[in-house]
Each structure stands twice: as C-alpha cells, then as structure tokens.
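This report concerns only the one structure given below.
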Amino acid sequence: MGREVAGARERREGRVLLFIPAYNCAPQIPRVLAQLTPDVRALLSEVIVVDNRSGDGTQAAAVAALSKLDGIAAKVLLNDDNYGLGGSHKVAFDYALTNRFDYVIVLHGDDQGSIADLAPLLRAGAHREVDCLLGARFMKGSRLSGYSPLRTFGNRVFNAIYSLAAGKRIYDLGSGLNVYAVSSLSDRAWLRHANDLTFNYHMILGSIAGRQRIRFFPLEWREDDQISNVKLVRQSLRVLGIAAAYAFDRRRFLETDHSGRPEGRYGYRVVFSHDALERVS
C-alpha cells in the first residue's frame, strides 16, 4: 500500500530528489539528515548524499544517520575524485536526469540551512511553477544567525553587482538551499560551469541568460561549528572576475568551459543504499 500511495503522489506531483553535497562535515551531516522528519520525507522520492572524498568520517556519519530513516529511498555516493562543490552538483544533476526525477532539491550538508523553510513551498506546489526556486539569505523575511556584518555587507554588494551584470534582481548568489526543475537541466549547460565554490554563480547567470523562471524565497541561515572552505580575498576577486566576464562578453562566457574537466565525466560509486520500504531494525 505504501508504494502504491507514493507512486500515485509522484505521478500527480512529480518525483523529487533531495541532493545533499557533503565534504568534511561529519559533525553536521547527522543534524542535516535529522531534519528529514516523516512529514518532510513524505514530500520526497529519494535522498542522495554525495560525499566529495571527505577525510573526517563524513561518509560513515551519513550512512549511520540514513540507516535510521525509513519510508524513503536513500543512497550515499562517493565521488571517484574530489570534484569540488560544483562537481558534486554535476554528479547529482546527472543522477536526476538519468533516473527521471522531475525536481532536484539541493541542501548543503553543513547544517547552515533548514529544509523546513522550503517545505511549505513544496506543499503549495511553488516549485512546479518555476524552473529555479532559490533560497535567499539577504531578502526581506530572511534570518541570519552568527553571520558577520562584514560578510553580510560583502554579499549584498556582490548581489548588486551581479544584478547589474545580469539585468535582473538577484537576492542571493548561492545559499545552499535550492530547487531546480530537472527539465531545466536537460541541456547540460551546467557541465561547463566551474567545479569549485563559484558553481552557483555560473548557474544563476546561465539561468537568467536562458530566460528561466526564477523565484527567490527567504530562509534562516546560521553559522555555528561549520568550517569555511572560502579564502575571502581570492574568492572575492574570482567572483568579481566572473561578473565582469559575463557583463563584457556574455556569449563567450556562456560558451566557455570553466570546469577544468572538458570530458565531462564525473564518476562515483554507491557505498550505501536502502529502499523506501526497508524498515529500521
């Protein structure tokens, strides 16, 4: 009966994949997976944690936490190499396309955001009305905790610069809680995007250039025990360079391969899997 009910819902509302990129976040990943309460799991078809070659026990922590969840299909994928945050997105996007999902949710594994901010929009079907439903830390209604005033100011400046370059108001360049219609990923233009932490900047510029339907939503964002992989000065220069390259020669920017892996192959292996109907022992 459970499989029949889930199948009917998916046919009516679409198959939803939750993708959690994870890198050296062993303390945080159990808290992220604990967000998947039964009412949240009812909105999802499958969960995949993509481990980008962590060295701190992230994989084992993810497997242990997923083993406690029932009523949802779940996998842990281990990248064949460290592909960067963008590369892990490419693994997940390809997985979503190959397995015929309709929507893919991105929720970062470092426990800065909460899927509870997205759940009401999913229940209302907001994701079915757009190509990209993007979390925004810096719009009205958002709540920041432990986020420094300097970083907040810097992000607002970059949002303004990118808005000018793209000709569309951008409230956040990449919060780590987003939803994409898989149909909007079918052209695989994202394979040309950078594999590092600037992947989301490329994504939003590509989405705007492709005239995709984009909606931002406010959320809560917090910094507690997370470890940042961002080198602020170097990252700031890169971010400015991306905006400048897009503004001065949009076509060339969009057609250039920024990935460093022009062959476009992102291999992985499944290290953990359980079916939606498997019960916790």
Side-chain angles (χ1 to χ4, degrees), residues 17 19-25 48-56 58-59 76-98 104 106-110 132 134 154-155 158 161-162 165-166 170 172-176 178 180 182 184-210 212 226-271:
L17 173 69
F19 152 55
I20 302 175
Y23 179 68
N24 287 347
C25 53
I48 60 170
V49 176
V50 178
D51 179 14
N52 193 36
R53 310 299 299 188
S54 299
D56 70 339
T58 292
Q59 178 184 315
V76 176
L77 312 183
L78 177 64
N79 290 344
D80 289 346
D81 196 359
N82 184 322
Y83 300 135
L85 177 62
S88 290
H89 276 72
K90 294 174 186 182
V91 168
F93 288 173
D94 181 73
Y95 185 93
L97 285 161
T98 300
V104 56
V106 182
L107 173 63
H108 284 192
D110 58 4
C132 314
L134 308 177
N155 275 278
F158 284 132
I161 291 172
Y162 272 69
I170 295 173
D172 201 318
L173 292 169
S175 70
N178 301 312
Y180 299 97
V182 175
S184 73
L185 306 173
S186 60
D187 64 0
R188 296 183 180 267
W190 40 269
L191 283 171
R192 296 193 295 271
H193 298 344
N195 283 345
D196 59 15
L197 296 173
T198 65
F199 176 82
N200 279 328
Y201 309 152
H202 289 260
M203 276 294 291
I204 197 164
L205 291 175
S207 296
I208 292 171
Q212 293 183 355
Q226 294 81 9
I227 298 174
S228 175
N229 293 306
V230 176
K231 308 296 184 185
L232 287 179
V233 174
R234 185 174 64 185
Q235 180 78 353
S236 296
L237 292 174
R238 286 211 62 201
V239 172
L240 288 172
I242 291 168
Y246 180 87
F248 287 116
D249 195 337
R250 180 176 304 185
R251 180 174 178 179
R252 181 180 180 183
F253 177 86
L254 294 171
E255 293 179 352
T256 296
D257 192 307
H258 305 272
S259 70
R261 300 179 69 92
E263 75 282 358
R265 291 191 293 272
Y266 297 86
Y268 64 88
R269 62 187 176 93
V270 179
V271 297

Exercise. With a 4.5 Å limit on heavy-atom distance, are the side chains of Val104 and Leu185 in contact?
Worked result: yes
For this session: Supply the atom-to-atom distance Glu263 CD to Asp257 CG, rounded to the nearest 0.5 angstrom.
Result: 9.0 Å
For this session: Using modelled atom types only, decide if a donor and an acceptor are shared between the side chain of Tyr162 and the backbone of Ile242 within a distance under 3.5 Å.
Result: no
Problem set entry | Min side-chain heavy-atom separation Met203-Val106 under 4.5 Å | no
Exercise. Roughly how far, to the nearest 0.5 Å, is the CG atom of Asp56 from the SG atom of Cys25?
Worked result: 7.0 Å
Exercise. Should the ring pair Tyr180 and Phe93 be called parallel, tilted or perpendicular, given that the plane angle runs from 0 to 90° and is split at 30 and 60?
Worked result: perpendicular
Problem set entry | Given Asn24, Thr58, Asn79, the one that forms side-chain hydrogen bond (donor to acceptor under 3.5 Å, both in side chains) with Asn52 | Asn79
Exercise. Heavy atoms, side chains only, cut-off 4.5 Å: are Ser88 and Phe19 in contact?
Worked result: yes
Exercise. Roughly how far, to the nearest 0.5 Å, is the CG atom of Leu134 from the CD1 atom of Ile170?
Worked result: 9.5 Å
Exercise. Val271 versus Asp51: any side-chain heavy-atom pair under 4.5 Å?
Worked result: no
Exercise. How far does CG of Asp94 sit from CG of Leu191, to the nearest 0.5 angstrom?
Worked result: 7.5 Å
Exercise. Could you go step by step and tell me if Tyr246 and His202 meet the side-chain contact (heavy atoms from CB on, under 4.5 Å) rule?
Worked result: CA-CA 9 Å; Tyr246 180 87; His202 289 260; over 6 Å; no
Problem set entry | His89 ring center near Tyr83 ring center (under 6.0 Å) | no
For this session: Assess the pair His193 and Tyr201: is the distance between their ring centroids shorter than 6.0 Å?
Result: no
For this session: Evaluate the side-chain contact (heavy atoms from CB on, under 4.5 Å) criterion for residues Thr198 and His258: first the C-alpha distance (whole Å), next the side-chain angles of each, then the deciding distance (0.1 Å), finally the verdict.
Result: CA-CA 10 Å; Thr198 65; His258 305 272; over 6 Å; no
Seminar exercise, completed: The reported gap from CZ in Phe158 to CG in Leu240 (rounded to nearest 0.5 angstrom) is 4.5 Å
For this session: Give, for atom CZ of Arg192 and atom OG1 of Thr256, the distance between the pair rounded to the nearest 0.5 Å.
Result: 8.5 Å
Exercise. Which pair of non-hydrogen atoms, one from Lys90 and one from Trp190, has the smallest distance, and what is that distance?
Worked result: CE-O, 3.1 Å
Exercise. Is any side-chain heavy atom of Leu173 closer than 4.5 Å to a side-chain heavy atom of Asn155?
Worked result: no
